[in-house]
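Below is one structure, written out as structure tokens; comments come after it.
In listed order, ligands and their atoms are each counted from 1.
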Amino acid sequence: MSRRPFIAGNWKLNLGPAAAAALGAELKVRLAARGDIDVAVFPTALSITAALQATEGAGISVGVQNVYVEATGAFTGENSAAMAREAGCTYALLGHSERRHVFGESDALIGQKVHASLAAGLLPMLCIGETLPEREAGQVEAVIHRQLETGLAGLSEAQVGTVTLAYEPVWAIGTGVTASPEQAQEVHAFIRSWLRERYAPWIADETRVLYGGSVKASNAAELLSQPDIDGALVGGAALSAVSFAGIVAGALA
Ligand code: PGA
């Protein structure tokens, strides 16, 4: 079963509209002649329109970094999935480690956000991953199991089939310490076997599981050559068109 590679850039709280437009325009040029691969970027909500306009016609999808569980109402400061969809987003990034650990989002809340995103027609990209103390305590599989079980709770098989997963060990995010290809592959293989047992072989075969955590042009090809690593979710190295295009090239190598 061959899964189409997927490289996603998480711009985090960087790049206001002008800077997002500039990077989008550069990506449009640098990624014009790429091969068979999906590419998405996740700007801050305020820069979604600018990124969409700058990348129009380039086959680059745009996603929102977070959504609230309700569509409208007295929830000052939040963005809803329906509004992100209306603004032109294709994907919703959910459960990123910064949402979990900086903003205290629970597995259950993230599961609600998965439902809200699907209801609005957004494709969820669900992030999961253990902290360093959890890894050192031998809890990697237990944490991944819990995050998947709760994050996907109540979805039909067909809905699960629309979710992209991103394994991002918290200790590797923004630290320059990448999981070794073998460490990442081990967890990705666990995720795939979990999907096979919990749902169905077709879901395990077709779900794309991206790796994230200090991915850069120099390590992308080796990570992505692992059998169960289908792409990358890139933070710091997604803020430069040169390095992001280098990662896309690495995925096709
Ligand atoms: P990083 O971030 O590539 O800067 O480690 C990845 C992420 O947070 O998605």
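- Contacts with ligand 1 closer than 4.0 Å are made by side-chain heavy atoms of N10 only, the backbone lying farther away.
- What you find for L94 and P124 is that their closest heavy atoms are CD1-CB, 4.0 Å.
- With a 4.5 Å cut-off on side-chain heavy atoms, Y68 and Q112 do not count as touching.
- The contact set between ligand 1 and A172, taken as ligand atoms under 4.0 Å from a residue heavy atom, comprises 5 (O).
- The closest approach between K12 and ligand 1 falls below 4.0 Å for a heavy atom of the residue.
- Contact annotation: A238 has no heavy atom less than 4.0 Å from any atom of ligand 1.
- A donor-acceptor pair is defined here as one N or O able to donate and one able to accept, closer than 3.5 Å; such a pair exists between the side chain of R192 and the backbone of A204.
- Atoms of ligand 1 lying under 4.0 Å from at least one heavy atom of G213, given by number and element, are 5 (O).
- Separation of atoms CG (L93) and NZ (K12) is listed at 9.5 Å; rounding is to 0.5 Å.
- Heavy atoms of C127 found under 4.0 angstrom from ligand 1: none, in either backbone or side chain.
- Atoms of ligand 1 lying under 4.0 Å from at least one heavy atom of H96, given by number and element, are 7 (C), 8 (O), 9 (O).
- Of the polar atoms of E168, at least one N or O is found under 3.5 Å from an N or O of ligand 1, judged by distance alone.
- With a 6.0 Å radius and a threshold of 12 heavy atoms from other residues, nucleotides or ligands, E86 has its CD atom at or below the threshold.
- In summary, the atoms of ligand 1 found under 4.0 Å from a heavy atom of G174, numbered by their order in the structure, are 1 (P), 4 (O), 5 (O).
- Not a single heavy atom of G212 sits closer than 4.0 Å to an atom of ligand 1.
- For a threshold of 3.5 Å applied to N or O pairs, the pair formed by G235 and ligand 1 contains at least one separation below that value.
- Looking at A237, G236, A166, A8 and measuring to atom 4 (O) of ligand 1, the nearest heavy atom belongs to G236.
- Judged by distance alone, the side chains of D107 and Q147 never bring a donor and an acceptor atom under 3.5 Å apart.
- Of all heavy-atom pairs between E157 and Y199, the closest is OE2-O, 3.6 Å.
- Residue S117 forms a side-chain contact (heavy atoms from CB on, under 4.5 Å) with just one option from L122, V64, V69, and that option is L122.
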